[in-house]
Number of protein chains: 2
Amino acid sequence: MATPSEKIIRDVTARLRAAGMRPTRQRIALALALFAKGDRHITAEQLHAEAQAQHVGISLATVYNTLHQFTRAGLLRELAIGSGRSYFDTNLSHHHHFFYEGSGQLVDVAGDLVKVSTVPAPPKGTRVAGIDVVIRITERNR
Amino acid sequence: MATPSEKIIRDVTARLRAAGMRPTRQRIALALALFAKGDRHITAEQLHAEAQAQHVGISLATVYNTLHQFTRAGLLRELAIGSGRSYFDTNLSHHHHFFYEGSGQLVDVAGDLVKVSTVPAPPKGTRVAGIDVVIRITERNR
DNA sequence: TTTCTAGATTAGAAACATTCTAAAATATTG
DNA sequence: CAATATTTTAGAATGTTTCTAATCTAGAAA
Ligand SMILES: [Mn+2]
Ligand SMILES: [Mn+2]
Ligand SMILES: [Zn+2]
Ligand SMILES: [Zn+2]
């Protein structure tokens with residue numbers, strides 16, 4: 001990846017400040033990695049490896065801290081699908097997922113391609129925070 | 001829980017044999033714990049604790065082995081919802097789940113109470129293995 | 001610019017769920 | 001009962017995530 005332009009860095013910096021976070025070298029690098037490309041589903045380890053490849057020294061602890069802060073700030077969604085690791089999703093629009101059972105890979109499904117036409121009322125004293133549809137898919141054999 | 005009747009133990013024994021498993025003391029105890037009560041969502045740790053409480057000595061490794069064997073035999077479904085631990089579901093019918101965001105608790109939603117009326121075609125070379133709908137719910141405030 | 005300090009980063013330890021290993025125990029068959 | 005294939009098990013190992021407490025730094029104040 002080419003070095004980001006001054007403008008892009010200023011944008012990211014402003015976005016971090018707007019979310020109440022100091023624009024540190026680490027947060028700027030992670031924000032650029034996360035938001036420069038299109039929609040992504042990435043784990044902490046993967047993002048850490050990507051930063052290392054770019055010769056940005058960031059500890060794994062900071063990657064975790066930052067991913068959670070970004071999630072709290074509404075810049076990311078955390079996905080807990082297919083036990084094991086957490087994925088962080090840069091796609092904030094209403095959408096669902098294909099889940100590759102073999103690899104654990106996630107692929108977006110636009111929200112309007114899935115219609116959940118009937119849902120039961122939530123139990124007393126609770127409200128619906130969201131509805132997640134996961135379409136599990138496997139390699140077709142034969 | 002009262003000691004299970006001879007008949008129930010014979011039933012479980014036959015069920016294990018039918019699935020190609022030797023009816024060991026450990027498997028019988030776990031099968032009784034899992035299938036005696038109604039539908040359950042239970043983790044390996046929880047089931048292990050339940051067995052200990054019943055003074056059935058079973059190692060945690062055996063609980064994991066057995067849960068996976070039961071799953072392979074179609075006696076259980078493994079649920080990977082809400083990262084962290086796996087839940088094993090004794091409800092084999094087509095159904096979905098309420099997921100309590102606070103506690104991680106799962107509650108069944110009968111399959112026919114949820115209608116997913118539109119789904120996209122799976123990517124080339126794959127087939128749909130299943131569709132899981134998770135209704136995330138939170139304590140209602142105010 | 002220098003100083004100050006709340007906030008941020010970090011290495012490494014700890015926590016936690018799960019899987020692995022290989023030795024001992026057991027169920028089943030002959 | 002003897003033989004053996006299967007099962008169980010303690011404990012180590014693995015993989016992910018969180019915690020701790022020492023160090024560092026961004027931003028504000030002087
Ligand atoms: Mn998390
Ligand atoms: Mn599993
Ligand atoms: Zn997504
Ligand atoms: Zn269920």
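Values below: every heavy atom of this structure, side chains too, minus hydrogens, waters and symmetry copies. Lettering follows sequence order; numbering is per chain, from 1. Bear in mind the structure is a predicted one, so any value in this text is a computation, not a measurement.
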query: Between CG of L30(B) and CG of L67(B), what distance do you get to the nearest 0.5 Å?
result: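 So the CG of L30(B) and the CG of L67(B) are separated by 7.0 Å.
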
- request: Tell me which residues in residues 60-73 of chain A put a heavy atom below 4.0 Å from DNA chain D, sorted by number, or none.
  value: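 Residues of residues 60-73 of chain A under 4.0 Å from DNA chain D: L60(A), A61(A), Y64(A), H68(A).
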
query: How would you label the contact of G20(A) with the nucleic acid (heavy atoms, under 4.0 Å): base, sugar-phosphate, or nothing?
result: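 No contact.
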
message: What contact category does S86(A) fall into here, base, sugar-phosphate, or nothing, at under 4.0 angstrom with non-hydrogen atoms?
response: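 S86(A): backbone/sugar contact only, no base atoms under 4.0 Å.
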
Between [N] ([atom2]) and [X] ([atom1]): distance, integer Å:
{"X": "R85(A)", "N": "dT18(C)", "atom1": "CZ", "atom2": "P", "value": "14 Å"}
{"X": "L16(A)", "N": "dA8(C)", "atom1": "CG", "atom2": "P", "value": "11 Å"}
{"X": "H48(B)", "N": "dC16(C)", "atom1": "NE2", "atom2": "C1'", "value": "15 Å"}
{"X": "E45(B)", "N": "dA15(C)", "atom1": "CD", "atom2": "C1'", "value": "12 Å"}
{"X": "I58(B)", "N": "dT9(D)", "atom1": "CD1", "atom2": "P", "value": "7 Å"}

query: Hey, what else clusters with L92(A) if you join Ile, Leu, Val, Met, Phe, Trp, Tyr whenever side-chain heavy atoms sit under 4.5 Å?
result: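 Taking Ile, Leu, Val, Met, Phe, Trp and Tyr as members, L92(A) stands alone, with no cluster partners.
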
With a cut-off of 3.5 Å and sequence neighbours excluded, list every side-chain donor-acceptor pair involving residues 124-134 of chain B.
unit_1: T126(B); atom_1: OG1; unit_2: P123(B); atom_2: O; d: 2.6
unit_1: D132(B); atom_1: OD1; unit_2: R136(A); atom_2: NH2; d: 3.3
unit_1: D132(B); atom_1: OD2; unit_2: R136(A); atom_2: NE; d: 2.8

task: Hey, can you tell me if H41(A) and H97(A) have their rings parallel, tilted or perpendicular (30° and 60° cut-offs)?
output: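 Ring orientation of H41(A) relative to H97(A): perpendicular.
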
query: For dA8(C), does OP1 or OP2 lie under 4.0 Å from any side-chain N or O of R27(A)?
result: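 The answer is yes; a side-chain N or O of R27(A) sits under 4.0 Å from OP1 or OP2.
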
- prompt: Below 4.0 angstrom, N of the basic side chain to O of the carboxylate: do D11(A) and K7(A) qualify?
  reply: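 Answer for the salt bridge query: yes.
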
task: Spell out protein contact along nucleotides 21-30 of chain D as letters: B when the base is contacted, S when just the sugar-phosphate is, - when no protein heavy atom is under 4.0 Å; keep the 5' to 3' order.
output: -----BS---

- request: Please list, chain by chain and in numerical order, all residues satisfying ring pair (Phe, Tyr, Trp, His ring centres under 6.0 Å) with H48(B), sequence neighbours excluded.
  value: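 Listed in chain order: nothing, the list is empty.
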
- prompt: Counting only N and O atoms by type, is there a donor-acceptor contact under 3.5 Å from the side chain of T43(B) to the main-chain atoms of S86(B)?
  reply: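 Between the backbone of S86(B) and the side chain of T43(B) there is no qualifying donor-acceptor contact (under 3.5 Å).
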
- prompt: How would you list all residue pairs meeting side-chain hydrogen bond (donor to acceptor under 3.5 Å, both in side chains) that involve residues 57-76 of chain A, not counting sequence neighbours?
  reply: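 Found R27(A)-Q69(A), S59(A)-T62(A).
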
